[in-house]
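Source: prediction; values computed, not measured. Reminder, nothing fancy here: chain letters follow the sequence lines and each chain counts from 1.
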Amino acid sequence: MHLIMLPTNVPWLSLLWLSLVVPVLTIICIPSEHKQAIRWVGTIFAGLSLVLALAIFFGYDSARGGYQFLEQLDWIPQLGISYLLGVDGINTPMLLLNGIVIFAGALMSWNINERVKEYWVLLLLLAVGVYGVFVALDLFLLFVFYELAVLPMYILIGVWGSTRKEYGAMKLTLYLMGGSALILIGMLAVYLGSGLRTFDLLILAENVNFARQFQSLFFLPFFTGFAVLAGMFPFHTWSPTGHVAAPTAVSMLHAGVLMKLGAYGCLRVAMMLMPQGAADWLWAIAALTLINVVYGALIALTQRDLKFMIGYSSVSHMGLVLIGLASANETGLTGAVLQMFAHGVMTALFFAVVGRMVYDRTHTRMLPELGGLAKVMPFAAWMFVIAGLSSMGMPGLAGFWAELNIFLGVWERFPIVAVLAAISIPITAAYILRALYQVFFSEANNEAYAHLPKLTWQEYSGALLLAAVLIIVGLYPALLSDMIHSSAAEVVQTMRAATLALNQ
Amino acid sequence: MQFTLVEIPRLLPELLLLVLAVLVLGSDIFERWASNEEAQIERNRSAGSLTSIGLVLIFGIALLQSGYVYLLPADAPTNPLTNIVRNLQAGGPYAGELLGVPITPILGAFHSDHLTMIARLTFILAAFVTSTIAYETLKIRNPGEFYALLLASTVGMCLMAGATELILAFIAIELTSIPLYILAGYFRDDKRSSEAGMKYFLFGALSSCIMLYGMSLVFGFSANAGSNGPNSGFMTQFRSIAESTEVASNTTLLVVGMIFMIVGLGYKLAVVPFHAWAPDVYQGAPTVVTGFISTASKMAGFLLLLRLLEVAFPSLVGSVALSYSGLPAVEAPVGGWSALLALIALLTLVFGNLAALPQTNAKRLLSYSSIGQAGFILLGVFAWSAINPLDQAIANTSLIYYLVVYLISNIVAFAIICLVEQQSGSDEISAFNGLAQRNLPLAALMTISVLSLAGIPPLAGFFAKFYIFLAAWQAGAWPIVLAAVLVSFISLYYYLRFLKAMFIEAPEQSERLTVPGTALATIAVVSLLVLALGIYPNLLLELVNHTQVIASN
Amino acid sequence: MPAYLIAAPDGVPWLSILIFWPIAGLFLLWASELTPISQRWIKRAVVLWMLVPLAIVISIWLRFDPNRVVEGQGAIQFVERFAWVRSIQVNYFLGVDGISLPLVFLTVVMAPIAALASFSVEDRYKSHFALLLLLESAMLGYFLALDFFFFFIFWEFSLVPAFVLIQLWGRDDRRAAAFTFFVYTLAGSLGMLLLFQVFYLATRATGAGSFDLITLGRLGQGLPTAGYSADLQSIIYRWVEQIGIVGLIGGRPQFYSGIAFWCIFIAFAIKLAVWPFHTWLPNSYSSAPTAGSILLAAVMSKMGAYGMLRILLPFVPDAARYFAPVMGALALISVVAGAFGALSYVNGDLKRLIAYTSINHMGYVMLAIAAAAALGAAQQDSRTIAINGALLQMVAHGLSTGALFLLAGALAKRTGSYLLSDFGGLRAAMPAFAGVMGVALFANLGLPGLAGFMGEFLIFRGAWASMPFFTSLATIGLLISALALLLAFQRIFLGPIKQKWQHVSDLDLVEWTAALPLLALLLIGGIYPAALVNLSNATVYALVEIFARAV
Amino acid sequence: MTQAVSLEYVLIVAAALFCIGLFGALARRNLISMLMGIELMLNAVNINLVAFWRYLEPSYVTGQVFVLFIIAVAAAEAAVGLAMVIAVYRSRTTLQADEVDSLKG
Amino acid sequence: MQTTVLILFALITALIIGSATMVVTVRNIIHSALWLITTFFGIGALFLLLEAEFAAVVQVLVYVGAVAVLVLFAIMLTRNVDGQGQALLFRRWWVALPICLLLFGAILVPTFVNQSWNSVLPVATAPGAPSNLAGSLEIGASFMREYLLPFEVVSILLLVALIGAIVIALEERERSRRVLTLAEEFALKSASAQAAPPEAIEASSAESTSEGKSE
């Protein structure tokens, strides 16, 4: 079922990522004094990419399933590397997510006044990388985009960030690059181990009948490499630090999309290419991510800095994504992907509220110093409520469906983990409510807060977009879940078949 | 075995470089010969620009000769223009035979094959960048001599890349090195420069001796084993050495000689543990010269090493394959020169990159990084031990690709350090503080080259690293590849320090950092090449594929 | 659709309209930002808007066939059902039966009353009314949804407006109150959420997975259901065995349905404020603003009881029977403790006193449910009577407590205090007020002739058959709570009037408008309880059949 | 000669000379002494080559030609090296290698 | 005959090794250089003994005549000859010693172990018979034939070394530079055609760079 028919002779996916390369080049050519022009160009093209992402999303035929919008060009044929793009029900929602978050992020970036040109170039490059990862079906190409997505963060955080920004930036970059070093090892292992001499994910995933011991050995670095980006315990510490240090839009993109790259890679690359390795290690992943979920939530409960709180809540939620992956069945995977989407939008909204609306006006994020902001900016309060409810898995918002599917999936494989992970839900509610009360509903304890600047139209529209998505998906999750489910079923099928073939 | 005149086209680029050197040497006779500063600058500019323009021309001719961009079709009409092209390309690497005689190394000593051709083009490019930056930034005393020495060194490198005989190889090394010793110590009024020149010279001479001793042993071995054979009298040729090993019963002497040669070359290449001189020399030498030394001469050394090991010592290659590499079981035990190089590579990788971490001087940091990079390059050299001929081809391709990419990335980095140093008077990393605010394009170019060195996609350095890892893993050395991957991750830390300084730190002065236009344009073009090679590696890979099998005939 | 599901006769999605009507009002309220309508008219418009659902419910009531029993259960009528999320078999499924209709009615009655009670809110009044609309919608959705998901969505979502109402317009201790209220309910429902996942997975393992409350309920009662061959208990057991839990911790089928029982029970018992899960209640009720208290006490506490009837009894009847004594004991404790708790506040906070009587009254409801499920020789009739009584009690208590909180709010508005010891002799200043309050009080404590009496009477009558011991002890609660309420009345209205209260005004028009319908309904309920009891009787009779059948 | 002295002995002489030269190059502090050590090493190579020529293929010229090239290069190196020594001496007025150490990292 | 050769060889060897040892151990650098010359002579003698006459002659001419003289020049120019008051060796010279000894051992191994030398038979002794030894004639011819390429390259190398040595070592006395470039000469001439004859310009010195290049 697909809502709109797109002409098939148009390279939609290439257009998608190129739609953000164009503004990069344009902005490079605009003199840096014309800040407003730069902002407009960036935002308009971000919006355009969102439109394209929507078109692809609705153009994807989920009844037919499988990979669609395929594009293939030879790139480095000697090594079996090609420019292969395509989407299935798993990455289509991710594209949409990135479109939404980058557009909202662009809107939230209008208050950056310092070195505007560089900022926008890097921000858009980051988004290009993310789009690239989600559309690439060639492992090598995917890796190229992956790194492209990670590196601009360093400068973005280092220059425009706050609170120990250099430390945060360096820590983040080193962790992520360490992760990609592991991924590189995994790539080499798959390439050489499979003996197929190709990086085509589709071919690799269907012919992964290389030795069990080998898979088991090299699955670990492969998965861990991606899981670092997804914030898996004990490699999660970069994430809160980085979030806190990053400027708002970057936090949004980072927590909203970039961490999903990790989870996406875990699934699409590590697990699909080494299903036997995955089968051997899933218990360990489940155990570690259980720590993520519960420990992350507990730490969030103790934080006094709002962004740290959200950072740790991301750790907790990404843990749920990974748990969903660890369940390795259709429902769990569906839930994981849904959670990626839901958490992406929700965290983006959080950071938009906390980073942009609150911090940029009050210049503090410490809970005890804030208060009574609901009277000053009720809109922000409502947005925080919506994001918070989604975060604690309130039915009717996107987060609920995701968590539900994840728990369903995990029940089947690790019932104990499902029960233990559920502890995080009331804890989440506790810290979200605490923050909500302290920041918005308590008595104003600072006179200055009564005269904060008004919210701008960019803030309104960006936040509304995100909130609307949360509600729409919360009310009608089938929009996403049917699509995801069909593809997740295919993925599980492929993995099972490969494992079976290996063990026969 | 005689030299015939028709073989002159095969040496054309070298000859042209020599002609240019002589021209440059005599060029300043047409200039104002005053001793004041303006006159000196003027002389420098004229000699330097003559060099640069000449190098561009030679590059163009060599490129035309190579046939990589345009190969004259066989049925092209005959007219003076096509005649020139035809004659030129007769000496190019594509020509299978010359006047009915199959192409063999000239006098058995110099092979103008694809490897040499690509190397020539790269060296000319490096020399071009160096001379352009030099005349835009340096105040050079006796500029004619400076550029002439640069060109002579380039000739030496071209010869090193093509040498297939011990004597020519030795002399080519010396022709490369002696001008570089002088260039490193060229600013004799600068303490650091003269000291660098001295150190470079001492270590260079010492390593020459060690290598020569190895050569003499190898010669003795082959003369012993191959006397009365078909190659008698030519026992210094690589292929004679290789053939003599086939009839010898005991190769201990050969092994010792080979180790001496590897050690000697190792000194030249600054691989651990023979690297001690490198940081001092790189830091002390004039920055442009450092760029040239750490890139072009290193590449030439590696090409010589490659040809030497693969053509002269194929029987001693041994294996690096450990069990459990995910590959079909390899029978050969670990050993041979590949294992030796693997050990050196491991040391080099670990030491070079770790030692770079605490550096605060930009040149010194990059010199340690160069040492570290040599470790990656070595992966490509020993990867030739893979048993499958296809994998051997991949090893060679990846090595040459890496060398070219390393050369262009690194030379850009040094060129930019040179420009910054000229403006701020310091070559510490702190001189880069806030470069993005003072000159954004320059900062962007530096970012490209540094990240390419670090191996970040989509820059060329990434594909190079990736490819060379692949090759080494194919050869079975997966533990070393693992180490290399982790080390390349560690290396990112110090490369990022450039980014940190340029983008994050506040500038010490706020006024714009002006850069000469020509220099910036040159750097920009080369950086674009880095980008282009990263996005579309086939641009170069297609050419490099020609070198898959190193000619031994 | 199976025969026990009957669509609306005229094909109009009345139930959806019912749910979405208040939400539409929400948008109109926001839209009013653009118009110059005055505050007074907006408030009035909201009340009028809320009357429409009332009209719809009445029309539904009139067309509802209460006696229809199909395939062993009360027919679900006005059904709307279509697929929502195919990947996990979630349907959009609404419908009413005899259990839910009284509560729906209660909801639509109380919502405009609450709105009327909020007329005095000035601070951010639009948000306040918007939240009331949202809350009404959520509560209606809860009573109407028959798919677990929508049921759960509305269950959780009703917390949000209530939370915000308490947080923003509540009094003194509102922060902790709202917080505990929210977290308690959320944490309590976790077990249920997980349990339903198990239900789904277990049913999926045998055939089609289902989140359908009716289907699962039929499976639980062992009624024949298309597509399934076993009953819920064995389906779960088979699945648990399959994934290896049985091998791990052992146990018989009853063990696992026992776990399921407690998961469900705790979730609803918290909402119902059964001892020892009641601690959130006094805080929340007393801290909430008037409208919040009204809706919380009148409707939201019934959500727990409704859940027990809809889920607990049909899904795990065996475990319910097994644990009925425990439920009964807890109910008894609630009854007695609630009563004494109320008594302890006769010189204290009026709202707290009312809150404790709520615990007491909900205890009766709990007792009725326990009795209906209890093992014993009790006839199906008595069990039915108990549940009917519980339903009637819920409605009556909703009306009377609503009235009490309304009046308490009105009193506080005039005097600025809820402290009983502050008052005295107010009857002199406000006779009408005293009269209305008196009626509400008596209805609450179960004076014959008013609705509360009929509810309690039916409960005691029904419960006596299976749990005579608990039932007889529960009469203590009856007495004590009556005492507490009478003392409260005395503290406020009797005795010499204090100087500062000389000039308090009597009931005004708005309060009259709010209070009168409640009194009227209480009276009708007392005189003609059959109106309600007939509505639910057939459904309840079918529901308790399984308990009566066994032994 | 070839009958009186076997090749090994000549090689031993060369090896000894090489090692002595190496010691000089590594251990002497004076830059000129280092250079002299290097010259000794080169001469050792020469001895080797001549010996190989004489004993193994006396009828071909390779060994001797190699020697001649080495001598030529050695002369060039010596010229450059000593020029550098003088340059260093001018700027430092010392030739002790460990005093020429402004570059340390 | 053979004994004589053996004794000669022993003497020459002793001379070479002994004087080489002196080179690296004596304190006075001039003495060291003189011992170096002795070594060179010894090696020349060894070459003669090995019947490499041409190599022997070149050895003596180049090493003794050029290199050693250069070394002596350098020593004189640096005016630091006796080495008094300065350490002779690096403080860690004892590290170098075992390295060298080990190396010596390592080199010896292949010379003796399992190495069979296919020594060519001695030259025919009959007078008038053609010698199978390659002499200077063959060497000369080979420079024009097989070794043309290295030969030409070496010539470039020597040129480069020459230029380099001059550039490095030349002390440029700025005020005493006397040669006009062609451009200046033209400018001067055209100027003088209009004005008075130019001032006399001092003659050039032998060290001028332009002369250095003209070689």
Side-chain angles (χ1 to χ4, degrees), chain D residues 1-5 7-8 11-13 15-24 26-30 32-33 35-37 39-40 43 46-47 50-51 53-61 64-65 67-69 71-76 78-80 82-87 89 95-96 98, chain E residues 2 5-6 9 13 16-17 20-21 23-24 29 32 36 39 43 46-47 49-52 54-55 58-59 62 66-67 70-71 74-75 77-78 80 86-87 89-90 93 96-97 100 103-104 107-108 111-112 117 119-120 122 132-134 138-139 142 147 150 154 157-158 161 164-165 168-169:
Chain D
M1 172 76 195
T2 47
Q3 288 138 316
V5 184
L7 179 55
E8 284 91 337
L11 295 182
I12 292 169
V13 174
L17 190 59
F18 184 81
C19 291
I20 292 169
L22 184 64
F23 179 77
L26 291 181
R28 291 287 295 236
R29 286 181 74 217
N30 190 294
I32 297 178
S33 298
L35 275 177
M36 290 195 274
E39 296 297 340
L40 289 180
N43 274 289
N46 287 350
I47 295 175
V50 170
W53 163 76
R54 179 63 188 82
Y55 284 86
L56 301 177
E57 35 173 44
S59 49
Y60 300 100
V61 295
Q64 282 211 65
V65 167
V67 170
L68 294 175
F69 280 121
I71 291 176
V73 171
V80 171
L82 292 167
M84 271 182 179
V85 167
I86 289 170
Y89 183 76
L95 286 180
Q96 299 299 97
D98 47 0
Chain E
Q2 287 191 5
V5 170
L6 195 60
F9 177 75
T13 304
I16 292 173
I17 301 296
T21 315
V23 170
V24 298
I29 302 183
S32 182
L36 184 66
T39 318
I43 292 166
L46 186 59
F47 286 179
L49 196 62
L50 287 167
E51 296 173 81
F54 189 68
V58 173
Q59 166 84 12
V62 176
V67 176
L70 259 176
V71 169
I75 294 170
L77 280 172
T78 55
N80 180 18
Q86 285 180 319
L89 302 173
F90 280 114
W93 62 272
L97 191 61
C100 294
L103 198 63
F104 184 59
I107 301 170
L108 289 189
T111 328
F112 289 108
W117 295 106
S119 295
V120 175
N132 69 345
L133 274 182
E138 284 82 7
I139 294 174
S142 75
Y147 297 104
V154 156
L157 178 63
L158 286 172
I168 295 263

So [Y] and [X], do their side chains get closer than 4.5 Å, heavy atoms only?
X       : Y        : answer
D:Leu82 : E:Val67  : no
E:Val71 : D:Leu35  : no
D:Ile20 : E:Phe104 : no
D:Glu8  : E:Leu108 : no
D:Leu11 : E:Trp117 : yes
E:Thr39 : D:Leu17  : yes

Note: vs chain D, highest number of non-hydrogen pairs under 4.5 angstrom among E:Ser32, E:Ser142, E:Pro150 is E:Pro150
Residue selection (most heavy-atom pairs with chain D, distance under 4.5 Å) from E:Ile139, E:Leu103, E:Ile16: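 Between E:Ile139, E:Leu103, E:Ile16, the count favours E:Ile139.
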Below 4.5 Å from any heavy atom of chain D, which atoms of [X] appear? Answer side chain, backbone, both or neither.
X        : answer
E:Val154 : side chain
E:Ala55  : both
E:Ile43  : side chain
E:Leu6   : both

Notebook entry, point to check: Going through the distances and angles, do E:Gln59 and D:Val67 end up as a side-chain contact (heavy atoms from CB on, under 4.5 Å)?
Noted result: CA-CA 9 Å; E:Gln59 166 84 12; D:Val67 170; 5.6 Å; no
If you tally heavy-atom pairs under 4.5 Å against chain E, which of [options] wins?
options                            : value
D:Ala51, D:Ala15, D:Gly37          : D:Ala15
D:Val80, D:Leu26, D:Ile86, D:Leu56 : D:Leu56
D:Ala79, D:Ser33, D:Ala87          : D:Ala79
D:Phe18, D:Phe69, D:Tyr60          : D:Phe69
D:Gly24, D:Gly21, D:Cys19, D:Ala76 : D:Cys19

Under 4.5 Å from a heavy atom of chain E, the part of [X] involved:
X       : value
D:Leu68 : side chain
D:Gln64 : side chain
D:Ile47 : both

(Q) Let's go through D:Phe23 and E:Thr21 carefully: what are the C-alpha distance in whole Å and the side-chain angles of both, what is the deciding distance for side-chain contact (heavy atoms from CB on, under 4.5 Å) to 0.1 Å, and is it a yes or a no? (A) CA-CA 10 Å; D:Phe23 179 77; E:Thr21 315; over 6 Å; no
On a heavy-atom basis, the closest approach of E:Ala134 and D:Val61 is CB-CG1, 3.6 Å
Run the side-chain contact (heavy atoms from CB on, under 4.5 Å) test on E:Val24 and D:Met36 for me, step by step, so that the C-alpha distance in whole Å, both residues' side-chain angles and the decisive distance to 0.1 Å come before the verdict.
CA-CA 8 Å; E:Val24 298; D:Met36 290 195 274; over 6 Å; no
**Prompt:** When rounded to the nearest 0.5 angstrom, what distance separates CD1 in E:Ile17 from CD1 in D:Ile12?
**Reply:**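 If we round to the nearest 0.5 Å, E:Ile17:CD1 and D:Ile12:CD1 are 10.0 Å apart.
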